[in-house]
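Remarks on the structure that follows.
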Amino acid sequence: MHRILEDERIAAHESELGRERIKRAAEEVIGRARLCGDEGEYDAIVAAVRNRLDDLRVKAPFPVINATGVILHTNLGRAPLSSDAAAAIEQLAGRYSNLEYDVATGERGSRNAEIGEALRAATGAEDALVVNNCAAAVLLVLDTLAKGREVIVARNQLVEIGGGFRVPDVLERSGAKLVEVGTTNRVYIEDFERALSPQTGLLLRTHASNYKIEGFTHEPSTRDLTALGQRAGVPVVEDLGSGALCDLAEYGAAHERTVQEAIGDGMTLVTFSGDKLLGGPQAGIVAGRAYLVARLRNNPLLRALRVGKLTLAALGATLRCHRDRISRERLPLYRMLAATLDGLRERAKAYINEVPGAAACESDAYVGGGALPQARIPSIAIAIPSEKPQALAAALRTGDPAIVARIESGRVLLDLRTVAPEEDRIVISSLIVKGVFSIEPG
Ligand SMILES: *Cc1c(COP(=O)(O)O)cnc(C)c1O
């Protein structure tokens with residue numbers, strides 16, 4: 001075994017795949033060879049291990065344990081699905097479905113019919129449809145309503161959301177002309193009013209998800225904006241991004257504008273993600289006035305942006321969880337938000353008892369996902385003092401399963417709010433093993 005791991009043909013993969021995974025692959029290959037009574041050639045074993053490593057490489061993405069405390073971590077796949085959503089996917093995955101089939105008439109049906117109904121009920125909107133992500137939702141809206149026309153946006157909302165999604169660029173790509181109004185810190189409804197022209201396609205309000213302008217600021221109220229749109233006969237579109245369906249203040253976080261509030265304020269259309277505060281699969285939702293959703297549905301671009309049956313199954317199950325607070329905690333996101341400090345401290349005890357040097361400390365968890373920049377949530381972390389915190393964190397990341405932790409003041413911190421209680425045992429045993437590794441010299 002040692003010889004295989006040190007073999008340069010194998011060791012070359014260590015930085016990419018991690019020693020742990022390579023070791024397991026080697027154990028598997030050697031075990032199988034023993035079972036067949038065919039331990040034979042060393043080179044054949046090495047070749048088999050290399051094949052196994054190739055398999056591992058194409059199987060990405062793989063599960064990781066999120067101990068960062070960032071609940072909607074975009075790099076770690078945002079919202080974990082509820083077991084309801086996972087079951088809905090499993091139920092549908094290996095079978096045919098009525099995806100675009102109306103069982104009553106025996107004819108072609110609409111892919112969005114059932115989910116549209118569920119979204120209407122959840123948001124209070126007249127109609128809704130689902131596309132691949134929120135960026136696609138914004139693109140579809142702009143392409144349908146504003147191609148070759150003008151879109152009026154407040155200057156303080158010309159934001160980059162992250163991952164290269166910049167409002168001005170998306171506008172340009174959709175063939176709309178951006179009309180900026182106001183100044184960086186102060187924007188008035190009169191600025192919008194003066195910018196209206198026969199060329200105006202829509203008024204756009206975006207969620208300044210990831211930054212905040214403070215001090216001498218002014219913004220028109222959303223009601224003033226929708227009233228202006230109504231007087232002018234121009235749609236007012238709000239890109240909400242995070243798509244909360246309930247008041248986050250109930251969970252001790254800052255209030256985040258909800259989809260229902262935006263619809264209630266008279267927004268003609270709103271766009272939001274499926275995998276942020278909705279706690280569901282990657283998707284983008286457009287909800288709002290039926291006559292405009294109908295126009296979106298007729299846009300040929302929708303064909304390229306539509307979602308598959310597995311996404312619809314997961315989204316439907318997720319929406320069912322939003323019926324009331326108790327059902328909502330079926331969603332891992334809301335379970336994590338609802339976890340009490342006492343509950344987290346209780347879980348911390350097992351770590352402190354079993355992991356040498358481990359201590360519990362106060363920590364700040366975040367909702368993340370580009371939303372709620374100020375939404376810091378008090379949390380509890382396990383702190384592991386280490387001579388080489390970077391090496392310990394790297395060993396945890398490349399272990400199996402991979403564990404992603406934070407480093408703060410020379411300690412490795414594992415925030416328990418984003419670690420599922422079912423994962424505690426695995427994390428504890430990894431910490432025991434890696435902790436020993438990290439204090440070894442070299
Ligand atoms: C996150 C976000 C988006 C992009 O959403 P995706 O689902 O990742 O495409 C767009 N607009 C706002 C305001 C966002 O917060």
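Numbering of ligands and ligand atoms starts at 1, following listing order. Any value given below was found using the heavy atoms of this structure, including those in side chains, with hydrogens, waters and symmetry copies removed. Being a predicted model, the structure only gives us computed values, none of them experimental.
Each of the atoms 13 (C) of ligand 1 lies under 4.0 Å from some heavy atom of H207. For ligand 1, the atoms sitting less than 4.0 Å from at least one non-hydrogen atom of N133 are 6 (P), 7 (O), 9 (O), numbered in the order shown with element in parentheses. The atoms of ligand 1 that sit less than 4.0 Å from any heavy atom of K276 are 1 (C), 2 (C), 3 (C), 5 (O), 14 (C), 15 (O).
Side chain to side chain, D265 and T222 meet the donor-acceptor criterion of an N or O pair below 3.5 Å. Judged purely by distance below 3.5 Å, without hydrogens or angles, the side chains of R257 and S242 never pair a donor atom with an acceptor atom.
Judged by the 6.0 Å distance and 45° axis criteria, R417 is not positioned over the aromatic ring of Y366.
For C134, a nitrogen or oxygen atom sits less than 3.5 Å from a nitrogen or oxygen atom of ligand 1, counting backbone and side chain alike. Considering backbone and side-chain N/O of A136, none are found under 3.5 Å from N/O of ligand 1. Taking only nitrogen or oxygen atoms, main chain and side chain alike, S273 reaches within less than 3.5 Å of ligand 1. Considering backbone and side-chain atoms alike, D275 places every N or O at 3.5 Å or more from each N or O of ligand 1. Residue D239 places at least one N or O, backbone or side chain, under 3.5 Å from an N or O of ligand 1.
The shell of residues lying under 4.0 angstrom from ligand 1, judged by heavy atoms, includes R78. Contact annotation: Q282 has no heavy atom less than 4.0 Å from any atom of ligand 1.
Considering only heavy atoms from C-beta on, L245 stays 4.5 Å or farther from L277 through its side chain.
Note: Y188 and H218 have parallel aromatic rings, judged against thresholds of 30 and 60 degrees for the angle between ring planes.
Judged as a salt bridge (Lys or Arg N to Asp or Glu O under 4.0 Å), not a single pair has a partner in residues 90-99 (not counting sequence neighbours).
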Could you give the side-chain donor-acceptor pairs of residues 170-178 under 3.5 Å, partners two or more places apart or in another chain?
unit_1	atom_1	unit_2	atom_2	d
S174	OG	V170	O	3.2
S174	OG	L171	O	2.8

